[in-house]
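In this text, all values refer to a predicted model and were calculated from it rather than measured experimentally. Order of appearance sets the numbers: ligands from 1, and atoms from 1 within every ligand.
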Amino acid sequence: MTSKGLFISFEGIDGSGKSTQARRLADHLTANGREVVLTREPGGSPGAEEIRALVLQGEPDRWSAETELLLFTAARRDHLERTIRPALTEGKVVICDRFADSSRMYQGLRGEMRERVDALHDLMIGVEPDLTVLIDMDPSAGLSRAKARATVEERFEDFGISLQEQMREGFLALSREYADRFTVIDGNRDMDAVALDIQAQVEAALA
Ligand code: ADP
Ligand code: TYD
């Protein structure tokens, strides 16, 4: 999608190390003289951060599957308009902790709505990352890492281990569906090993 910048997303199940690795990649690229915008979904712009609180807090059944999809898409549209597109136009590297593939998985699986997720994406978002880093890992280890954080943003973590198992398989299937932009990284290793692997993939994409 970009004429100048590079749009990188991180995907994977809760607790797989996306936020940790996105930050490390941002630090690495900044140290090498790149202009980087580190951002996340849901959120990444003031309006989208307000929607984030609506979708991530409260009871798991707070929203119907359809309403939830609309909220995530509204947040993404605002994030795209106000944060992602302007940064890419200025030639920056945008590193985004989750993007539309998370909707394909979480909202897609929740109400068997993958077709509607894709239709709404095409209608209202219409862009994919240049590179998607999928951190693949054992769901039970991921869930215990995520639970150890103990925040109020637990709506999705409350869905439990069987959903995490489905998510892992679903993300791997997505990586085959969009093989041109996905790179799959083994997240069951120490942080430094994972970070080095990701740096190598990103440097190849930037070259
Ligand atoms: P995510 O953004 O995918 O949910 P985080 O980056 O927030 O994951 O990591 C979840 C927790 O696991 C954090 O407490 C983090 O410090 C820890 N963590 C991240 N990567 C690793 C790793 N490779 N080994 C052990 N712990 C890790
Ligand atoms: P995040 O803060 O990245 O959680 P974690 O660090 O635990 O991975 O995302 C919060 C939750 O939002 C996560 O459980 C996945 C969910 N989510 C969706 O359901 N759809 C989406 O489109 C996005 C971006 C996130």
Heavy-atom distances under 4.0 Å are what count here, so tell me which part of Pro42 touches ligand 2: side chain, backbone, both or neither. both
Hphob cluster co-occupancy, Met191 + Ile185, side-chain heavy atoms under 4.5 angstrom: no
For ligand 1 and Arg189, I'd like to know whether there is a polar contact (N/O to N/O, distance under 3.5 Å). yes
Give the numbers and elements of all ligand 1 atoms closer than 4.0 Å to a heavy atom of Met191. 16 (O), 18 (N), 19 (C), 20 (N), 21 (C), 22 (C), 23 (N), 26 (N), 27 (C)
Is the closest N or O pair between Ser19 and ligand 1 shorter than 3.5 Å? yes
Taking only non-hydrogen atoms of Arg76, do any sit less than 4.0 angstrom from ligand 2? yes
Residue Lys18 vicinity, atoms of ligand 2 by number, heavy atom under 4.0 Å: 8 (O)
Partner of Arg104 under salt bridge (Lys or Arg N to Asp or Glu O under 4.0 Å), picked from Glu177, Glu128, Glu11, is Glu128
Determine, step by step, whether His79 and Thr39 satisfy the side chain to side chain donor-acceptor pair (under 3.5 Å) criterion, reporting the C-alpha distance in whole Å, the side-chain angles of both residues, the deciding distance to 0.1 Å, and the verdict. CA-CA 9 Å; His79 185 209; Thr39 187; 2.8 Å; yes
With a 4.0 Å heavy-atom cut-off (strictly under), which part of Ile135 contacts ligand 1: side chain, backbone, both or neither? neither
Numbered atoms and elements of ligand 2 in range of Asp14, under 4.0 angstrom, heavy atoms: 4 (O), 5 (P), 7 (O), 8 (O), 13 (C), 14 (O)
Verify same cluster id: Leu172, Tyr178 (apolar side-chain graph, 4.5 Å): yes
Distance filter under 4.0 Å to Asp190 heavy atoms, resulting ligand 1 atoms: 23 (N)
Hey, which atoms in ligand 2 end up nearer than 4.0 Å to a heavy atom of Arg52? 2 (O)
Looking at Thr83 and Gly44, what are the two nearest heavy atoms and their distance? OG1-O, 2.6 Å
Would you indicate whether the side-chain heavy atoms of Met105 and Arg98 approach each other to under 4.5 Å? no
Within-cut-off N or O pair, Gly187 and ligand 1, under 3.5 Å: no
Does any N or O of ligand 1 fall below 3.5 Å from an N or O anywhere on Lys18, backbone included? yes
Considering the heavy atoms of Leu56, write down every atom of ligand 2 situated less than 4.0 Å from one of them. 10 (C), 11 (C), 12 (O)
Is there a heavy atom of Gly15 sitting under 4.0 angstrom from any atom of ligand 1? yes
Per-atom contacts, ligand 1 versus Thr20 - under 4.0 Å to a heavy atom: 5 (P), 6 (O), 9 (O), 15 (C), 19 (C)
Take Tyr106 and Phe72, measure what ring pair (Phe, Tyr, Trp, His ring centres under 6.0 Å) needs, and give me the verdict at the end. CA-CA 11 Å; Tyr106 288 77; Phe72 275 108; 8.1 Å; no
For residues Arg40 and Arg52, determine if any side-chain heavy atom of one lies less than 4.5 Å from a side-chain heavy atom of the other. yes
Could you walk me through whether Asp130 and Arg181 satisfy the salt bridge (Lys or Arg N to Asp or Glu O under 4.0 Å) test, starting with their C-alpha distance in whole Å, then the side-chain angles of each, then the deciding distance to 0.1 Å, before giving a yes or no? CA-CA 6 Å; Asp130 298 303; Arg181 68 176 163 88; over 6 Å; no
Under the criterion salt bridge (Lys or Arg N to Asp or Glu O under 4.0 Å), I'd like the reasoning laid out for Arg114 against Asp118: C-alpha separation, chi angles, the key distance, then a yes or no. CA-CA 6 Å; Arg114 175 67 200 278; Asp118 284 332; 2.8 Å; yes
Is there at least one pair of N or O atoms, one from Gln21 and one from ligand 1, spaced under 3.5 Å apart? no
Going by distance only, is there an N or O of Val194 that falls short of 3.5 Å from an N or O of ligand 1? no
Membership question, hydrophobic clusters at under 4.5 Å side-chain separation (ILVMFWY): are Leu206 and Val36 in the same one? yes
Compute the shortest N/O to N/O distance between Glu41 and ligand 2 and return yes if it is under 3.5 Å, no if not. no
So is there a nitrogen or oxygen of Gln107 less than 3.5 Å from a nitrogen or oxygen in ligand 2? yes
Could you pull out the closest heavy-atom pair between Arg24 and Ala195, with the gap in Å? NE-CB, 3.7 Å
